[in-house]
Amino acid sequence: MLGFTRHELSNRSYKPVILLSVIILFTTATLWAMIDSFILHRLSEIMSPHQRREKQGCAMSYSRPTYTRIQTNSLWNKKYVLYLFREDYIDTPKLSGIPALFIPGQSGSHKQIRSLAAETAKYYQKHSTGQHTGIDFFTVDLNEELSALNGQTLRDQAYYMNDAIKDILSLYSSTPINPDSVLIIGHSMGGLIARTLFMLPNYQVNSVNTIITIATPHLQAPMLLDSNVYKIYNDITNYWTPEQFKAAGPLNNVTAVSIAGGSLDGIIHSDGVNIATLVPESHGFTVFTTSIPNVWTGCDHMAILWCNQLLKVLAPCLLDLVDKEHPGHSLSVPERMDIFRQHLLKGKRVSVGAQDAIRTISELNVTHNEFYLSLDHITSPSIVLIDINQAVQIITNIPSTNDDRWRLVVCKKEADRLDFDGSVVPIVSFLPNPSTHNLIHQHPYRLSTPSNLEKYKDEDYTHIGLIDVGGNPLSEEMFMAVNTLSDPIVHPVQLWDLIPKTYDFNINSYRSIHEFPSIKNSLFAYDIRVIKMTPVQPLIFDPMIQQSVGNQEIKFHRHLEEGVSDRITFHQAADGLSLTFYLPPSNSDLQMTMSLSIDWYSTLGRFVLRYGSSIIPVVYSTCLIVVLSQIYSYLINGKREFIPFQMAYVQCLFGPFTYMAIMLVVISILQIYCSQVSWLDNYPVIQNIIIKNMLLGSPDYAVMALCLFIWTLSLGLLAFVWMLINMTITILSIPIGWIYQITPRLSMQGEKLFVVTLTITIGLLSVVPPSVIIVFFSIIWLWMTCSARFLAQSVNHPE
């Protein structure tokens with residue numbers, strides 16, 4: 001490949017070296033920027049000093065675990081071990097709950113279940129009345145194998161899991177509970193193993209019906225280095241289809257929830273965690289930790305297992321999945337899905353207090369401020385009147401323990417008289433505290449939306465009344481603020497519009513929802529900046545943005561400040577970006593001027609995780625093209641000489657590499673065209689091949705530039721790798737030259753050494769692991785190449 005011959009030095013031209021040096025310098029700078037954006041983040045403070053990037057806000061979890069080994073009847077007993085987890089001072093050795101099995105991921109430990117299991121045991125001890133059943137956690141030691149890199153390892157682990165599940169259920173045969181299934185919790189590749197169970201011949205029907213996967217790459221392998229991994233992914237994709245969940249399908253009683261850590265997961269790209277195309281909404285969904293009420297933070301690949309806020313949500317969720325009347329039997333699919341949605345999507349509902357009709361208040365102080373009611377100093381009853389035709393939400397920091405202090409009613413205002421009738425029961429959801437810098441152990445805000453107002457409008461009610469019933473002043477400043485809802489403002493800005501400049505838009509209290517339907521490419525990172533905020537004065541809470549894409553991935557950007565920006569990232573944005581602004585009421589209308597732009601520096605880091613693995617085969621392809629160019633020159637020059645690598649590389653730059661770039665542009669244009677024409681809908685097979693299976697599998701306009709970037713970067717990486725190898729060989733050829741000077745006859749043994757090495761390698765293929773063979777063969781190749789370099793130098797520069 002490198003073309004080190006006796007004639008190499010005499011035919012050297014410095015023009016290719018200069019061009020190659022420029023390409024290497026450009027590639028080195030690009031690689032450093034990508035690595036810094038992905039891992040180090042040192043340049044971010046220089047390039048964007050006022051930008052706030054997403055940070056992990058997890059509290060640590062603690063446990064006092066013990067693990068009891070369980071004997072299993074499986075062919076893989078010597079490789080894998082099953083354990084029963086027990087939390088000291090809480091759990092008893094006796095099995096007394098519903099079994100749950102934890103499956104770790106690649107190089108994962110069976111001890112990773114300790115945080116969730118301990119939190120569940122603590123919650124059960126605190127809230128159980130003794131009449132309900134808890135959960136017994138089992139976990140598996142998979143010998144910390146590299147399951148993501150070897151398909152046979154994945155399959156072996158899945159076979160063992162089915163055997164372990166049978167043994168777990170057999171442990172309960174003599175207990176009063178006698179469960180019929182095991183709840184599965186899989187982390188990373190463990191979630192993929194959980195989905196593989198159903199396809200294997202040793203699967204016991206209905207032994208698994210509830211699966212929770214955490215940071216699992218459902219759609220694509222993290223790194224595809226083994227054909228068996230590809231086959232397993234292909235088999236799972238063909239098996240897990242929406243048709244399998246119908247009444248007669250084998251998965252009709254299965255529910256699956258996928259939890260993603262979002263942009264902070266630097267190992268698994270969260271675009272591949274989505275199961276929307278695999279599992280129908282009736283049987284499962286995907287949720288991001290940033291969207292889960294009372295969590296509201298991203299998690300990296302390991303922190304998602306110990307993030308205390310997340311575990312405090314999962315623990316009661318798991319316990320609610322236990323049938324209270326018949327603990328051994330599983331709840332129905334709709335019941336399980338309602339529990340998952342309640343805990344993970346909506347947040348566990350909190351009572352809004354005693355919302356009885358207000359008929360005992362004879363005098364009310366009608367405030368002149370129709371958007372704000374403070375409960376910290378008022379001791380006499382007061383009311384804020386809101387037009388019943390106005391769509392509003394009530395933002396409050398009042399805890400549920402003080403819900404008896406306020407009411408939401410409907411009323412008729414006639415002259416100076418108010419007539420009340422009944423309380424309005426609001427729909428309550430949760431918001432993070434907009435002003436605090438740390439959400440750990442912080443009391444959340446609540447967002448109350450009045451419901452069933454249509455019937456009151458038909459009865460001529462004119463207002464919604466927000467009442468403070470009075471009483472002693474509260475110890476903390478409590479308020480209720482009215483957030484006006486309106487039709488969203490749709491911004492027609494395109495991705496291409498953000499490339500040369502920023503996009504500015506205005507925000508006020510009356511138009512709080514802003515949608516960007518064309519901003520849907522999840523590869524890019526964006527920057528949202530507060531350019532101007534008026535009026536600048538003390539506010540009851542800081543302005544806040546709720547970012548969402550298709551109501552699936554929700555993030556909150558809190559305590560907005562003038563001149564400060566936030567980084568926006570998202571995944572799988574089929575419906576485009578939506579921003580909802582929560583603005584505090586003020587004496588004068590609060591207005592903000594915002595700017596939206598592409599964050600190029602952060603985009604480089606996102607490229608590493610999403611498309612970094614695609615560069616490897618492209619670099620390999622470019623290397624083959626250069627080698628073919630060397631072979632072609634060897635055959636036609638009549639001198640039986642290989643041209644040097646740098647000369648062949650430069651020849652390819654102005655030949656095959658240019659043609660390949662043109663071909664990429666043509667295929668990208670074909671993808672874009674085929675995605676926009678309707679006649680191709682009649683040929684779904686061809687449409688699927690062109691749109692999904694060509695290039696990067698996306699018909700987005702930006703993919704054209706992305707393909708060219710990958711191609712250009714791959715060419716630079718090839719030159720960079722050549723430089724590293726060339727430097728290594730140059731350095732090592734010096735001590736090898738000393739050896740040849742001591743033993744001159746060794747220089748004549750090159751061909752024999754190659755034959756012996758090849759013979760030994762073939763003989764070791766069935767005995768020694770491939771990694772050992774690769775290292776052995778690489779050492780011999782390095783020796784022979786360094787020898788060739790020394791001999792070439794000695795011939796051209798004899799002493």
May I have all residue pairs that pass salt bridge (charged side-chain N to carboxylate O under 4.0 Å, His left out) and include part of residues 605-618, sequence neighbours excluded?
Asp271-Arg610

Run the side-chain donor-acceptor check on residues 299-311: report pairs under 3.5 Å with partners two or more places apart or on a different chain.
residue : atom : partner : partner atom : Å
Asp300  : OD1  : Met302  : N            : 3.0
Asp300  : OD1  : Ala303  : N            : 2.6
His301  : ND1  : Asp265  : OD1          : 3.4
His301  : ND1  : Asp265  : OD2          : 3.1
His301  : NE2  : Ser188  : OG           : 3.0
Asn308  : ND2  : Ser61   : OG           : 3.1
Asn308  : ND2  : Glu119  : OE1          : 3.3
Gln309  : OE1  : Ala59   : N            : 2.9
Gln309  : NE2  : Gly57   : O            : 2.6

So, the side chain of Gln546 versus the backbone of Thr580: is there a donor-acceptor pair under 3.5 Å, distance only?
no

Quick one: side-chain hydrogen bond (donor to acceptor under 3.5 Å, both in side chains) partners of Thr241, sequence neighbours excluded?
Glu243

Set of ring-ring contact (aromatic ring centres under 6.0 Å, His included) partners for Tyr233, sequence neighbours left out:
none

Salt bridge (Lys or Arg N to Asp or Glu O under 4.0 Å) with Asp599: which residues, sequence neighbours excluded?
Arg567

Does the side chain of Gln591 pick up a donor-acceptor pair with the side chain of Thr534 at under 3.5 Å?
no

To the nearest 0.5 Å, what is the distance between CZ (Phe720) and OG1 (Thr30)?
11.0 Å

Please check if atom CZ in Phe38 has more than 12 non-hydrogen atoms from other residues, nucleotides or ligands closer than 6.0 Å.
yes

Could you check if a side-chain atom of Phe516 sits within less than 4.5 angstrom of a side-chain atom of Leu579, using non-hydrogen atoms only?
yes

d(Leu713 CG, Leu718 CG) to nearest 0.5 Å is 11.5 Å

Mind checking side-chain hydrogen bond (donor to acceptor under 3.5 Å, both in side chains) for His50 and listing every partner two or more places apart, or none if nothing turns up?
none

